[in-house]
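Before any comments, here is the structure.
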2 protein chains.
Amino acid sequence: MSVVMLNRFSRTVSPISRVVHVSRRMGYGRARTGESRWLTRRSMSKRPTQADVARSAGVSATTVSLVLNGRTGTRISDDAARRVRVAAETLGYSPDPTALSLRTGRTKTLGFVSDGVTVTRYASAMIRGVLDAAESKGQSVMMAEVDDHPDRWERAIVDLSDRKVDAIVVGLMVARTIELPPMPSGVSTVIVNGLSGGLPSVLPDEFAAGRAAAEYVIRAGHRRIAFIGRSERMLDPVVSATVGRRYQGIDRAMADAGLHFTTTCDLPEWEPGPAREAAMSVLGSPSRPTAILAANDRVAFGVYQAAADLGLTIAQDVSVMSFDDEALADYLRPGLTTMRLPYRDMGMAGVREALNPGNDLLELPMPLVERGSVAPPRG
Amino acid sequence: MSVVMLNRFSRTVSPISRVVHVSRRMGYGRARTGESRWLTRRSMSKRPTQADVARSAGVSATTVSLVLNGRTGTRISDDAARRVRVAAETLGYSPDPTALSLRTGRTKTLGFVSDGVTVTRYASAMIRGVLDAAESKGQSVMMAEVDDHPDRWERAIVDLSDRKVDAIVVGLMVARTIELPPMPSGVSTVIVNGLSGGLPSVLPDEFAAGRAAAEYVIRAGHRRIAFIGRSERMLDPVVSATVGRRYQGIDRAMADAGLHFTTTCDLPEWEPGPAREAAMSVLGSPSRPTAILAANDRVAFGVYQAAADLGLTIAQDVSVMSFDDEALADYLRPGLTTMRLPYRDMGMAGVREALNPGNDLLELPMPLVERGSVAPPRG
DNA sequence: TTGTAAGCGTTATCAT
DNA sequence: ATGATAACGCTTACAA
């Protein structure tokens, strides 16, 4: 295997020449020198083809193909098979993917198109999930990103299908309902973190998460709970495909416990600024709640800021429970307890579903990440 | 920022058939109905080939190829050319990329391999840069991610070269010096945000940034300045390729102004926790500085926390200047003034250099992002 | 000015 | 049990 790889490289690696080279770039320190980890072979020869293997094994190309693809229905003699394998090994043969694609129409490549997962810190884990799952299935990933203009979606998808990707995964940075161009027939497509027409979807299980979050706070002993960030605007499926479910889950838990929120604030945006203002008034009131459910981590951050302004200590004076688990949640002190959006899992599931269709809708659990912002109420 | 995100979501909606489908998925709201924006491509038939165009235009495949590739050295008659173009247009012909690759050995695809840019919030913009630059050059991007194990690098790179990518961009999430396997010959390769042997590099201009940062604080009128996070550990090129330059730039500015830091703290990690402790002692001392230079934004966050603990107000009581500009910088109040790591630019430059080699080292400017954490000293 | 034919490296269909 | 041979869809000598 490593033979296969090595004889394709012609650049000889001399540690010395590297250091010289680097040191020319004024100002950058030189790395410690040492053994090169990489072996190189000097061969300038062309990449060996199936025909080369055939020649070397004294058989026809057909036989090589048959043997190497394991299509051996007692057809090939053990002897021939062995010779082929030896020849392939010593020549360092590996089949040419482009020729394979032309012939078979498949590419062992899947397309991932997103509307900006990349640029969204908390969503970029989705890509990692896609990449990991793809690798485990022996697939490469061709990536495209669109800025949500219809024709960019279309261009990206057409390009992908032109390149004959085996499947397409569409990833959204924020769960919402979108309209996509018609997918190329014959290419299995899945939408991750979103809903679009009849496409199979992978979504976070927000109902369960909402319920679990509220239950967690209730079980901690809280009865006076406020909800900051119940925004009507978010209920539009085009704005969010899942927030409604989140609310429903929360409501269910509250109802089951026979509770009502002491206060519910709508916020124009789920951002620290507005959240802080809202929290100031909620926490400043004489009938201050002992716990706050924040619509997401940025809202929770606003609550932290308000608490700080008011001289209140999170957890001790007021508990905060949140949703999303973005990086921020881990920076805060105390750490923010929150329901994690399983971006990586969703990416992985998307790939699995695209490669192996079956489910119309997959709802992935949102783990509760306990960090310390929720404690039993005082007194 | 979030406004930007939200504006992008203003979209219209779903055709009826889709709504029916969606409504079957219990619990998810239905989108408003409206006009479908997509035209369906009528042909259920096979994709037209060059031969089809030739037949339809009454010429040979050669002529089609020549015309469509603009290889018209007075060779083709205007008439034939016109007929070909019309035929291609009406048939909706576009060349098959896989056939093209097999024939030409090129793929209009470039490989992007990284050690985890994806999963690193602040670095993921690099991908966006790569994607955008690639698109503008008519290239698709095949992406791979490795967890920094030598053989994963090798596997990824071999896979990419097997697939005959036209160029390779290696992207590092944190600027450092690494050893890469020998690159496949004939494939132009660039390393972004890192240094590796003789490979062309794209790096942030940390010297200029360090200098600009310190000068900015000095120009604001500060004389008593502390530096938190001057970590020796980071000077190892394997740990960081650029931090040394950052320090040098800072030192230059301080020297030029005839100043010395009142305090300099080494930190084991550039994280809020340790930074907060260090800042507590720096800010708690009677000879408290009026400004703090933080090694990066997370360190700065630690400084904010310490200031809050001590009842000090950022900007008013102590100015903070930082590096990196991760999302956090924008969440803080007051916003953190910081030198932005130009991940997106680096990604774009990496692609340009890979496709169009020339420079051995490109140092990209780090813009100063003014947000309000630096003010003139009081009194 | 244009067409024929030979590949590119595979796999699949036949003969043998 | 194996080998010719014909695609796959394109580009490019080389002919005409």
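Letters A, B, ... are given to chains in the order of the sequence lines, protein chains preceding strands, and every chain is numbered from 1.
Where D96(A) and R83(B) meet DNA chain C, the nucleotide closest to each residue was compared, and R83(B) sits on the side nearer the 5' end. Each of K164(B) and L66(B) was matched to the nucleotide of DNA chain C holding its nearest heavy atom; the match closer to the 5' end belongs to L66(B).
Remark: the R163(B) side chain and the T98(A) side chain contain no N/O donor-acceptor pair separated by less than 3.5 Å. No side-chain donor-acceptor contact under 3.5 Å links T109(A) and D166(A).
Rounding to whole angstrom units, CZ of residue R47(B) and C1' of dC8(D) are separated by 13 Å. Rounded to whole Å, atom P of dT12(D) lies 8 Å from atom CG of N69(B). For the pair Y93(B) OH and dT11(D) C1', the computed distance is 11 Å after rounding to whole Å. The distance from atom CD1 of I76(A) to atom P of dT2(D) is 6 Å, rounded to the nearest whole Å. Nucleotide dT10(C) holds its C1' atom 8 Å from the CG atom of L102(B), rounded to whole Å. Atom pair R163(A):CZ and dC10(D):P shows a separation of 14 Å (rounding to whole Å applied). If you take CZ of R82(B) and P of dT2(C), they are 12 Å apart, rounded to a whole angstrom. In this structure, D52(B) places its CG atom 9 Å from P of dC10(D), rounding to the nearest Å.
Of the listed nucleotides (dC8(D), dT12(D), dC8(C)), dT12(D) has the atom at the smallest distance from the side chain of S65(B).
S188(B) places a side-chain N or O within donor-acceptor distance of the main-chain N or O of A354(B), the cut-off being under 3.5 Å.
Within 3.5 Å, a donor on the side chain of R103(A) pairs with an acceptor on the base of dA7(D), or the reverse.
Looking at heavy-atom distances under 4.0 Å, L100(B) makes contact with sugar-phosphate atoms alone, never a base. When heavy atoms are screened at a 4.0 angstrom cut-off, T62(B) is found touching base atoms of the nucleic acid.
None of P97(A), S140(A), P95(A) except one satisfies the side-chain contact (heavy atoms from CB on, under 4.5 Å) rule with D162(B); the exception is P97(A).
Heavy-atom contacts from other residues, nucleotides or ligands closer than 6.0 Å to CG of D78(A) number 12 or fewer.
Regarding contacts with the backbone of dT2(D), a side-chain N or O of S77(A) is found under 4.0 angstrom from either OP1 or OP2. Between T63(B) and dG3(C) there is a side-chain polar atom (N or O) within less than 4.0 angstrom of OP1 or OP2. Applying the 4.0 Å criterion to OP1 and OP2 of dT11(C), one finds that T104(A) has every side-chain N and O outside that range.
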